[in-house]
Engineer: 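My questions all concern the structure below.
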Amino acid sequence: MYEWIKALHVIAVIAWMAGMLYLPRLFVYHCEAEIGSKQSETFKVMERRLLKAIINPAMTVTWLAGLYMAWAGGWYASGWFHTKFLLVLILSGLHGLFTRWVREFGADKNTRSQKFYRYINEVPTILMIGIVILVIVKPF
Ligand code: HEM
């Protein structure tokens, strides 16, 4: 059972991360599109669908499967897990910000620069590298 849940967890992680890496890229391109243009309206649909159809359900499954394994495997007492948990909380907070930004773009109320989204684009990658090293190497 545990191994099946782990497989489900990794599948959900891949989908969540794919979305978390792609959505800020869409924000970068969306900044260049003129408000009211066809391009801008297309980006709105892409952002909303990516969030609702992929990112949100993938995050829910990742969390449920991860918490089950933390409980079933007794990992909640391990140092690596505490650190991974902290990084995952930051990733989830970023997810919340992305949700807000999708809404702002949807209402043509984005106030942030393209450069800002270019920097933000790197954050999920950095968090993912840390999380994967912690859970695979389990250094402490
Ligand atoms: C949402 C909260 C999360 C919780 C509570 C959680 C918890 C866990 C636990 C307890 C395991 C089992 C470790 C083992 O059996 O050795 C695991 C496996 C794994 N997690 Fe997570 N995780 C979460 C999110 C993530 C995220 C966001 C990523 C990647 C970005 C990730 C990547 C992995 C990988 C790759 C494995 C498989 C490791 C192996 O093959 O042993 N997890 N997770």
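This chain uses plain numbering: 1 for the first residue, then up along the sequence. For ligands, and for the atoms within them, numbers begin at 1 and follow the listed sequence.
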Engineer: Could you go step by step and tell me if Met128 and Met20 meet the side-chain contact (heavy atoms from CB on, under 4.5 Å) rule?
Structural biologist: CA-CA 10 Å; Met128 177 193 63; Met20 292 295 286; over 6 Å; no
Engineer: Without swapping roles, check the side chain of Gln114 against the backbone of Val28 for a donor-acceptor pair under 3.5 Å.
Structural biologist: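 Indeed, once roles are kept as given, a pair shorter than 3.5 Å links the two residues.
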Engineer: If you count the atoms of ligand 1 from 1 in the order shown, which ones are under 4.0 Å from a heavy atom of Ala70?
Structural biologist: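 Heavy-atom distances to Ala70 below 4.0 Å select 10 (C).
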Engineer: Among all protein non-hydrogen atoms, which one is nearest to atom 41 (O) of ligand 1, and what is the separation to 0.1 Å?
Structural biologist: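 Looking only at protein heavy atoms, the one closest to atom 41 (O) of ligand 1 is Lys6 NZ, 3.1 Å.
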Engineer: Mind counting the protein N, O or S atoms sitting less than 2.8 Å from atom 21 (Fe) of ligand 1?
Structural biologist: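 Step by step: take atom 21 (Fe) of ligand 1, keep protein N, O, S below 2.8 Å, and you get 2.
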Engineer: Please set out all donor-acceptor pairs under 3.5 angstrom arising from side-chain atoms of residues 86-96, sequence neighbours excluded.
Structural biologist:
residue : atom : partner : partner atom : Å
Ser92   : OG   : Trp63   : NE1          : 3.1
Ser92   : OG   : Val88   : O            : 2.9
His95   : ND1  : Trp16   : NE1          : 3.1
His95   : NE2  : Asn56   : OD1          : 2.8

Engineer: Are the side chain of Lys52 and the backbone N or O of Arg49 linked by a donor-acceptor pair below 3.5 Å?
Structural biologist: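 Not a single qualifying donor-acceptor pair exists.
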Engineer: Where is the nearest protein heavy atom to atom 12 (C) of ligand 1: which residue, which atom, and how far?
Structural biologist: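 Nearest protein contact, heavy atoms only, for atom 12 (C) of ligand 1 is Tyr2 OH, 3.2 Å.
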Engineer: Would you mind telling me if ligand 1 is within reach of the side chain of Trp63, the backbone, both or neither, using heavy atoms under 4.0 Å?
Structural biologist: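 It is both parts that get close, each with some atom under 4.0 Å.
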Engineer: On the 0 to 90° scale, with breaks at 30° and 60°, tag the Phe27-Tyr117 ring pair as parallel, tilted or perpendicular.
Structural biologist: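 Correct class here is tilted.
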Engineer: Check step by step if side-chain contact (heavy atoms from CB on, under 4.5 Å) holds for Arg25 and Arg118.
Structural biologist: CA-CA 7 Å; Arg25 265 279 116 206; Arg118 277 188 199 281; 3.6 Å; yes
Engineer: Sort out for me which residue in Tyr2, Phe81, Trp80 forms a ring-ring contact (aromatic ring centres under 6.0 Å, His included) with Trp75.
Structural biologist: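 When ring-ring contact (aromatic ring centres under 6.0 Å, His included) is applied between Trp75 and each of Tyr2, Phe81, Trp80, only Trp80 qualifies.
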Engineer: Evaluate whether atom CD of Gln39 has more than 12 neighbouring non-hydrogen atoms of other residues, nucleotides or ligands under 6.0 angstrom away.
Structural biologist: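 No, because the 6.0 Å sphere around CD of Gln39 holds 12 heavy atoms or fewer from other groups.
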Engineer: Which protein non-hydrogen atom lies closest to atom 16 (O) of ligand 1, naming both residue and atom, and how far is it?
Structural biologist: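 Result for atom 16 (O) of ligand 1: Lys138 NZ, 2.6 Å.
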Engineer: Supply the atom-to-atom distance Ile136 CD1 to Lys138 NZ, rounded to the nearest 0.5 angstrom.
Structural biologist: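 One gets 7.0 Å once the value is rounded to the nearest 0.5 Å.
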Engineer: With backbone taken as N, CA, C and O and side chain as the heavy atoms from C-beta onward, which portion of Leu91 lies under 4.0 Å from ligand 1: side chain, backbone, both, or neither?
Structural biologist: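 Only the side chain of Leu91 comes within reach of ligand 1.
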